[in-house]
Amino acid sequence: MALARAKRVTVQEWTLAVRSGAAIPIPTPVGIDFETFYTSSYSVSQMGNVAYTHDRRFNAWAVSVTDGARTCVCLPAEFPWGTIAGREWVSHNREFDEAVFLRLVELGTVPRDVRPVRWFCSAALCAYLQLPRELAGAAKAVLGVTVDKGARERAKGRDREPDLFGHSAEDEAYAATDAEAALALWLELERYWPEHERRLFDLTCQMGHYGVAVDWGYVEANLAELNETVEGLSRALPWSPALSIPRFEEACVALGTPPPRSTSATDPEFQDWAHENQRSEAVTWARHMQRIRSANRTAKVLEGMQARRMPDDRPYSAGPTAGRPTRSRRMVYELKYFGASTGRWAGGGGLNMQNYNRKPAEGVDLRRCLVAPPGFVLAVVDYSQIESRVLLFLAGDVATLEMFRANPEADAYEIHARATMGYSEAEPLREFCDRTAAGIRQLAKARVLGLGFGCGARRFVEVAKVMAGLTIGEAESERIVREFRESNPKIVTLWQNLNDACASRDGGNYVLPLPCTQVNPELKRFLVYRGVLAKKDGITCTVGGDRITVYGGLLAENWTQATARDVLASAWLRCEAAGYRPVLSVHDELVFEVPEASAEEDLRRIVEIMEMPVPWAPGLPLRADGTLCAVYGK
DNA sequence: GTGTAGGGCGCG
DNA sequence: AAAGCGCGCCCTACAC
């Protein structure tokens, strides 16, 4: 076992081995892992890497470095950094270890000229391969070894002065194992990670480091106001804590009002309850709670932004303050490469940039906080209904795809209405519906959004209400679902085929290749469903360490989402190659800062690049819409 | 005290 | 036959 082979050495032994040429054979990277102090309230998961490493409590109490044969664990100040400078390094969660390292350089703990030639991330690699992202899980799954993740646990509560606690041999052993596991995972799996995906990972990290410009005045003013709103609303509730559902239910009972099944603003059960009890004070209380939760969330996002403000930068404009450091107008953030099993990026680092409210909450517009820096405008470009189009592509519905191509101004709802609902007017569907007050577009929207992935009639009643604002009964829902399936036989066949293919892998793994694999087998990408068990009542398997039930519609959805992700990834790389680097990416959308002077032309070119057909999906019609704006979301 | 589960609020 | 899916973070309750 790779991990057992490494021998623990002292700093002197390590240095000697490197000087004699015994250590770190040239093509081999070194595994490197920092151990740092943290508590429940002071942690990297809440604060993000930059804020965490710049906090006054920051303390790196050990570094472990391994070449696979020998491992050295010591204080960062004691490590002979010259022995690994200019080499390739590997860490599990590179962004964290890199932030620690850069901070130690900044603090003078590590010499200024030490740099790796490249720094790899075994966690990103594991995520790409749909293995557990977390070190212990990945080591277990890939190497078959148990890595105790206790080192960091034991670091909690420790005095921040490294001299005062003197870490135990056991602590050091765990620190060593983390570095060894990272290196072993990298060496074992590295060849399965294609070059363009590594590039996407690096671009993702760089994008977050570059960050976004923020209107800090707007953030500050609204944060104060939101906190007042929360306090005021909380005081109006006759119990505490304000968001306690048991206390709320007790208050309902005392009032003689039956408590609702849900207190969620968007839950249909709550809406029905609120309507039935509209004269009861309980409804007022519930709405207060909803406003508190919403205001609270918004306030927390604003606080998260403030915590990630970059320490300083130089003013953009010339003038008396030019060149003098000022408080930065930018904010750093993190995006998790391959955060979803389908490959989509996910929010991370304590602040999720991918779920900012689209509409103001309590009068506060979160998107309005993100702005273009002076001299620039934001170019926001997103794909139109990309998943609906990809689903048709994967189902092989060539005829419907051809309608997209022939009718580039029409959206997916109109195409669906024309293809399967008998709509045949010459005028665009939206105009027709506006003119005649017909409901066909809403129904088409509900069908497209709700029925493509196997949703049944009972569930569709709610889906139609939430997605398209349609109120339908059970019988009507059944009719719509049946009619959809009859008129979209290719989609239904896709569900069945995927279901059968997965079930046929009973006892093994189901590997579903993505379209990008078709053209260039070197660039393989798959969805992997491990440990398939096909029983009479359904199929179960393991995805990302969790046991889940799968069915045809779900497989179709996963396949679609993953393929749409590849379309965006491909566009991101093409934009990058053309000199356009996004500052943010949200699933089907890229946001750029473009100079005011060339904004129109830049936007036109970006849209053009994003709409370029992808070689591995011939016949997939792509449509991108772009807008220029001074603030995000306008 | 810590860890976790569930409800809730957001997004594509 | 039927089943929308994919995420993250905050708050509260509760078991340990």
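This structure is a prediction, so every number in the text was calculated from the model and none was measured.
Note on A/Lys336: every side-chain N or O is 4.0 Å or more away from OP1 and OP2 of C/dC7. Contact check, A/Ser264 against B/dC9: a side-chain N or O comes under 4.0 Å of OP1 or OP2. OP1 or OP2 of B/dG8 sits under 4.0 Å from a side-chain N or O of A/Thr263.
Comment: A/Glu414 does not engage A/Arg441 in a salt bridge, judged by the lack of any side-chain N to carboxylate O separation of less than 4.0 angstrom. Checked for salt-bridge contact, A/Arg447 and A/Glu483 meet the test: a charged N lies under 4.0 Å from a carboxylate O.
Of the residues in residues 344-354 of chain A, A/Arg344, A/Gln354 come within less than 4.0 Å of DNA chain B through at least one heavy atom, sorted by number. Contact check of residues 550-558 of chain A against DNA chain C (heavy atom, cut-off under 4.0 Å) returns A/Tyr551, A/Leu554, A/Glu557, A/Asn558. The stretch residues 242-253 of chain A touches DNA chain C through A/Leu243, A/Ser244, A/Pro246, A/Arg247, each having a heavy atom under 4.0 angstrom from the strand.
Side chains of A/Glu197 and A/Tyr337: a donor-acceptor N/O pair is present below 3.5 angstrom, by distance only.
Residue A/Pro241 has its side chain nearest to C/dA13 when only C/dG6, B/dC9, C/dA13 are considered. In the set B/dC9, B/dG12, C/dC7, C/dC7 carries the atom at the smallest distance from any side-chain atom of A/Ser341. For A/Gln561, the side-chain atoms get nearest to B/dG12 when compared with the rest of B/dG12, C/dC11, B/dG10.
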